[in-house]
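Heads up, the thing below is written out as structure tokens.
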Amino acid sequence: MQQALAIHSLQCFSTTNFHRKHHYFDHLRRNKQYPFPHLTSFSVSKEVKVSASSKQKPPEVESVIGDDEDGLLLEKVIVVDDGGDLGWLPAFPHVLIASMANFLFGYHIGVMNGPIVSIAKELGFEGNSFLEGLVVSIFIGGAFIGSITCGSLVDKLGCCRTIQFDTVPLILGAIVSAQAQSIEEMILGRFLVGLGIGVNTVLVPIYISEIAPTKYRGSLGTLCQIGTCIGIIASLYLAIPSENDPHWWRTMLYIASVPGFILALGMQFSVESPRWLCKAGRLDEAKKVINNLWGSSEVDKAIKEFESVLKNDGDDLNSSWLELLEEPHSRVATIGGALFVLQQLAGINGVLYFSSLTFKDVGISSSALASLYVGLTNFAGALCALYLMDKQGRQRLLIGSYAGMALSMFLIVYAISFPMDNEISNNLSILGTLLYASMQKSSRILFEFSLCSLFNISLCYRYIFTFAVGAGPVTGLIIPELSSSRTRGKIMAFSFSVHWVFNFLVGLFFLELVQKFGVAPVYGSFGAVSLLATAFAYFLIVETKGRSLEEIEMSLNPKFQGKRNSE
């Protein structure tokens with residue numbers, strides 16, 4: 001019987017209990033990623049096979065931990081894989097509950113997509129495009145305020161309690177909106193919902209990054225994007241009866257309050273971040289959480305890493321916004337804000353809008369059906385990200401995602417700007433039909449369409465899919481990974497507030513720019529921004545795959561590097 005011996009990618013061997021007669025390494029190489037070069041650091045470059053008899057005991061995990069003169073850890077972790085790796089399972093229920101907040105985010109994005117006409121008619125502002133836009137956009141205003149204010153809350157209360165308190169505006173906002181009898185009440189309800197969503201979009205990525213085991217942090221973090229996609233799909237599906245029932249929108253908004261109750265109750269039974277517990281001086285609780293989620297072999301190592309970082313950063317629960325002006329916090333905050341600026345200026349919201357218009361060109365008059373196809377494409381991309389995040393790494397997914405988005409944009413610009421001859425048109429129509437049919441799954445629907453529009457649809461799908469694989473989930477995941485423990489909440493708050501500002505600006509000016517300059521120049525600018533984002537990811541993004549948050553912080557913090565150089 002052959003069993004695989006899997007070695008942790010960042011490991012330091014310092015033990016007298018390692019017996020050569022039981023383990024053989026084919027090849028060893030220096031691990032250049034480890035931030036402390038004076039320590040002995042190795043990684044195994046390929047999987048090692050170990051023969052074992054059928055009478056052997058079940059595979060176990062061996063962990064030997066020691067300290068060097070600086071209090072930093074030397075670790076050897078050997079895991080024998082006997083058919084399945086379930087190290088993600090203990091943290092999964094807690095991540096799943098937290099991702100309910102992202103489900104709510106997606107649901108509230110889609111809940112106004114169809115019923116807005118019925119709402120406007122019943123509340124007396126039908127035909128007033130400004131008020132219709134205000135009902136939708138006030139959500140973004142609330143989200144901006146929620147994002148910028150939650151940084152201080154999470155420092156003082158921790159993630160679990162802050163998320164629980166945040167369910168109050170989410171539940172109240174949904175109920176107020178459902179019972180609205182005037183435009184003012186509807187605006188108030190939407191603002192409260194936006195306030196809650198703004199807090200959650202900051203907190204949930206922080207929470208998941210701090211409780212997830214290092215090896216699975218990327219995959220578990222992708223559940224944020226998956227939760228958002230499922231929320232959008234659920235709201236679009238539930239919106240179908242609104243085409244025949246003008247009052248169905250109230251039921252949809254009442255339903256939006258249910259996940260808020262589930263989230264509040266679920267977080268009561270979820271664990272608090274062990275990093276926040278350690279910072280709050282609750283070491284025994286932190287050790288218990290680490291033991292339950294990461295395993296007993298990780299307890300001492302993790303606590304010593306936490307204490308090493310806290311010794312450098314300070315163990316108080318209050319950080320100042322002015323600290324974001326200091327290195328390395330200013331660099332991470334700049335990267336976080338820039339990532340969201342590039343994400344929004346790459347045109348995802350504009351493409352989502354234009355794709356619905358293109359659907360009308362090919363004969364699909366139902367906006368709910370068109371949006372559902374887009375949502376399913378987004379969901380498929382998020383599932384691919386779930387599989388690839390911890391295999392390919394964050395930087396590689398970002399580069400590939402933005403490169404694919406740029407290619408899609410430039411092809412759409414070419415298709416719009418230059419007429420195609422019959423042969424090229426036929427070839428493109430075949431390609432578009434295959435791509436389009438692959439997303440129809442079990443249904444076969446025939447439409448009257450133009451070949452150019454069908455080709456544009458296939459490119460829009462490609463753009464949305466590549467966005468969902470990298471630019472969507474990675475942006476929200478890598479910012480808390482790069483942030484220090486002390487300023488993680490405030491850096492995330494700043495980054496997401498930038499996100500909401502540019503989200504609003506793109507939605508506000510997109511149609512005006514298209515009317516003034518045409519689709520091709522606007523989409524060409526989206527492609528150019530995507531190329532810029534590709535270069536940004538290549539030159540400025542640090543790979544975080546397989547490294548603990550403390551390792552990343554130590555490698556980026558000049559105080560740690562200066563201390564070690566002086567010694």
Side-chain angles (χ1 to χ4, degrees), residues 341-365 367 369-371 373-374 377-378 381 398-440 446-472 502-503 505-538:
V341 170
L342 292 170
Q343 183 197 69
Q344 293 303 306
L345 293 184
I348 181 62
N349 291 319
V351 172
L352 291 176
Y353 176 82
F354 183 68
S355 64
S356 64
L357 296 182
T358 308
F359 268 112
K360 292 182 180 180
D361 290 340
V362 299
I364 304 178
S365 58
S367 61
L369 183 61
S371 299
Y373 289 147
V374 172
T377 304
N378 204 355
L398 269 181
I399 293 172
S401 175
Y402 278 116
M405 291 162 63
L407 178 61
S408 298
M409 287 294 95
F410 291 140
L411 286 176
I412 290 178
V413 171
Y414 179 83
I416 293 173
S417 303
F418 301 98
M420 296 179 290
D421 59 33
N422 291 334
E423 182 179 356
I424 296 177
S425 180
N426 290 333
N427 290 335
L428 293 179
S429 68
I430 293 173
L431 172 62
T433 302
L434 292 175
L435 291 174
Y436 187 58
S438 67
M439 296 175 189
Q440 297 297 315
L446 299 178
F447 304 99
E448 294 181 1
F449 53 87
S450 70
L451 298 177
C452 186
S453 294
L454 182 55
F455 179 54
N456 286 339
I457 283 181
S458 69
L459 292 174
C460 286
Y461 273 135
R462 176 193 174 98
Y463 176 94
I464 294 166
F465 181 85
T466 53
F467 172 87
V469 170
F502 279 84
N503 183 302
L505 292 176
V506 170
L508 181 64
F509 292 110
F510 172 72
L511 286 181
E512 184 177 345
L513 291 173
V514 168
Q515 292 172 0
K516 184 174 183 179
F517 299 105
V519 173
V522 173
Y523 271 41
S525 67
F526 290 162
V529 172
S530 297
L531 281 182
L532 179 62
T534 303
F536 184 90
Y538 181 81

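Values reported hereafter were calculated over all heavy atoms of this structure, with side chains retained and with hydrogens, waters and symmetry mates removed.
- Gly518 approaches Pro521 most closely through the heavy-atom pair O-CD, 3.4 Å.
- A 4.5 Å side-chain heavy-atom check between Phe536 and Leu342 finds at least one atom pair inside the cut-off.
- Judged purely by atom type and a 3.5 angstrom limit, Thr466 uses its side chain to pair as donor or acceptor with the backbone of Tyr463.
- In plain terms, the two heavy atoms of Leu407 and Arg462 that are nearest each other are CD2-NH2, 3.1 Å.
- The two atoms that bring Ala537 and Leu398 nearest to each other are CB-CB, 3.9 Å, heavy atoms only.
- Taking 4.5 Å as the limit, every side-chain heavy atom of Lys516 sits out of range of all side-chain heavy atoms of Leu513.
- The two residues Val413 and Ala520 have their closest heavy-atom pair at CG2-O, 3.4 Å.
- Put simply, CG on Leu505 and CG on Asn349 are 11.5 Å apart, with the number rounded to the nearest 0.5 Å.
- With contacts defined as side-chain heavy-atom distances shorter than 4.5 Å, the pair Cys460/Ile412 qualifies.
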Side-chain donor-acceptor pairs under 3.5 Å in residues 525-532, sequence neighbours left out?
{"from": "Ser525", "atom 1": "OG", "to": "Val522", "atom 2": "O", "distance (Å)": "2.4"}
{"from": "Ser530", "atom 1": "OG", "to": "Phe526", "atom 2": "O", "distance (Å)": "3.0"}

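- Across Ala468 and Asn378, no two heavy atoms sit closer than the pair CB-OD1, 3.0 Å.
- Scored by the side chain to side chain contact (heavy atoms under 4.5 Å, CB included) test, Tyr538 finds Ile399 as partners (sequence neighbours excluded).
- Looking at every heavy atom in both residues, Gln343 comes nearest to Ala471 through NE2-O, 3.0 Å.
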